[in-house]
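Step one of this worksheet: look at the structure below.
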Amino acid sequence: MTRTVHPNQQKLIDRAREFFAEVEDLTPGRELELQLNATHGPGTPYYEDFSTLVRNALLNNEGWVATDEVSGPHYRRSRVADPSAETRYFSITTVYMESQEEFKGQYHLHPYGEINCVVQIDETAELKGMSGWQGAGWTSPGPGTHHYPEVRGGRLVALFFLPAGRISYKARPGDKQPICI
């Protein structure tokens, strides 16, 4: 059975493929996070394209952004694209989080790291990455890192790219972090 892909979902996948061509040989971690915020942050073509497509899809209920409830309607996610040759073996997932107070999602581990594009729905929303709280921009936890995704101050979508689609829910709070944080 062929899966129907919304035209804007395909636009996001196509734009992400261009982005992956630039970052495929870079290692997720603090250095990449700093680089992406400097070169691909708010106001740049990739960031604005990703943000516009995600915001429009969410606000217009296009049915492809963060559709599956994890913990009620305030914490949802959906896989936009599986890792494949087309995506240079990155997966694309959207996670919607909404809370004024600090809210923790599912604790998880990034076996090969993660690249997150933080798309604010509310200008006051912040995501807590490995480097602390931030609004619009990028986070990039390094390989082997683990944490609770946390939100505060409103609504946002984390558009995250996982090398090989790898994520694990076996880590526990208090487990030793790798040196590469």
Side-chain angles (χ1 to χ4, degrees), residues 16 19-20 23-24 26-38 40-42 47 50-51 54 58 64-83 87 89-181:
F19 175 74
F20 297 150
V23 301
E24 72 176 327
L26 303 177
T27 302
R30 180 71 175 142
E31 188 176 311
L32 181 58
E33 181 175 305
L34 292 170
Q35 178 184 336
L36 290 174
N37 278 306
H40 292 71
Y47 183 84
F50 290 151
S51 295
V54 167
L58 183 71
W64 61 272
V65 169
T67 57
D68 304 321
E69 289 187 8
V70 178
S71 177
H74 64 281
Y75 181 38
R76 308 185 308 257
R77 72 173 160 244
S78 59
R79 180 69 63 99
V80 174
D82 292 324
T87 62
Y89 299 98
F90 282 88
S91 64
I92 304 170
T93 303
T94 55
V95 175
Y96 172 85
M97 297 179 80
E98 175 184 357
S99 182
Q100 289 300 318
E101 304 300 318
E102 291 181 18
F103 171 78
K104 291 181 178 182
Q106 283 183 304
Y107 202 84
H108 65 279
L109 169 93
H110 318 105
Y112 300 145
E114 178 178 59
I115 301 172
N116 297 301
C117 181
V118 181
V119 178
Q120 293 172 305
I121 306 305
D122 298 322
E123 289 182 13
T124 54
E126 294 180 297
L127 181 73
K128 187 174 185 182
M130 301 304 295
S131 301
W133 291 100
Q134 84 158 69
W138 297 86
T139 68
S140 186
T145 58
H146 46 91
H147 69 122
Y148 287 105
E150 296 181 61
V151 68
R152 69 179 181 192
R155 302 173 295 157
L156 61 76
V157 172
L159 172 63
F160 67 90
F161 308 122
L162 294 170
R166 292 288 310 277
I167 191 166
S168 171
Y169 295 97
K170 295 178 182 175
R172 299 287 176 252
D175 287 355
K176 186 176 176 181
Q177 292 282 358
I179 296 171
C180 68
I181 294 177

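Because the structure is a prediction, the values reported are computed rather than measured.
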Rounded to the nearest 0.5 Å, what separates atom CG in D82 from atom OH in Y89? 12.5 Å

Interatomic distance, CZ@R155 vs OH@Y96, rounded to 0.5 Å, equals 5.0 Å

Aromatic centroids of H147 and H108 separated by under 6.0 Å: yes

Going through the distances and angles, do V151 and E98 end up as a side chain to side chain contact (heavy atoms under 4.5 Å, CB included)? CA-CA 7 Å; V151 68; E98 175 184 357; over 6 Å; no

With a 4.5 Å cut-off on side-chain heavy atoms, are R79 and S91 touching? yes

Within this structure, what is the CD-CD distance for the pair Q134 and E33, rounded to the nearest 0.5 Å? 6.0 Å

So which atom in L127 and which in M97 form the shortest heavy-atom distance, rounded to 0.1 Å? CD1-SD, 4.3 Å

Hey, could you give me the CZ/OG distance between R30 and S131, rounded to the nearest 0.5 Å? 3.5 Å

Within the distance-only criterion (no hydrogens, no angle test), does the side chain of S78 pair as donor or acceptor with the backbone N or O of D68 below 3.5 angstrom? no

S140 (side chain) donor-acceptor with P28 (main chain) under 3.5 angstrom: no

Which value, rounded to the nearest 0.5 Å, describes the distance between Q177 atom CD and T145 atom OG1? 6.0 Å

Consider side chain to side chain contact (heavy atoms under 4.5 Å, CB included). Of I115, N116, T139, which one does L36 pass it with? I115

Say whether, by atom type as modelled, one donor and one acceptor occur between the side chain of R152 and the main chain of E102 under 3.5 angstrom. no

Parallel, tilted or perpendicular: which fits the ring planes of Y75 and F103, with parallel below 30° and perpendicular above 60°? perpendicular

Determine whether a donor-acceptor pair (N or O, by modelled atom type, separation under 3.5 Å) exists between the side chain of E114 and the backbone of P141. no

Only distances under 3.5 Å count here; give the side-chain donor-acceptor pairs of residues 157-168 to other protein atoms, sequence neighbours excluded, each with its distance to 0.1 Å.
{"from": "R166", "atom 1": "NH1", "to": "Y112", "atom 2": "OH", "distance (Å)": "3.3"}
{"from": "S168", "atom 1": "OG", "to": "K170", "atom 2": "N", "distance (Å)": "3.1"}

If I compare all heavy atoms of R172 with all of Y107, which pair ends up nearest, and what's the gap? C-CE2, 3.5 Å

Chi angles and distances behind the side chain to side chain contact (heavy atoms under 4.5 Å, CB included) call for Y47, C117: CA-CA 7 Å; Y47 183 84; C117 181; 3.6 Å; yes

How long is the gap from OG on S99 to CD on E126, to the nearest 0.5 Å? 12.5 Å

What residues, two or more places apart in sequence or in another chain, satisfy salt bridge (charged side-chain N to carboxylate O under 4.0 Å, His left out) together with E24? R88

Closest approach of L109 and A171, non-hydrogen atoms and distance? CB-CB, 3.8 Å

F20 vs T87 side-chain heavy atoms within contact, under 4.5 Å: yes

Residue pair V23, H40: steps toward the side chain to side chain contact (heavy atoms under 4.5 Å, CB included) verdict: CA-CA 11 Å; V23 301; H40 292 71; 5.7 Å; no

Nearest heavy atoms of I92 and A16, plus distance in Å: CD1-CB, 3.7 Å

In sequence, state the C-alpha distance, the side-chain angles, and the governing distance for L26 and Q35, and then conclude on side chain to side chain contact (heavy atoms under 4.5 Å, CB included). CA-CA 11 Å; L26 303 177; Q35 178 184 336; 4.0 Å; yes

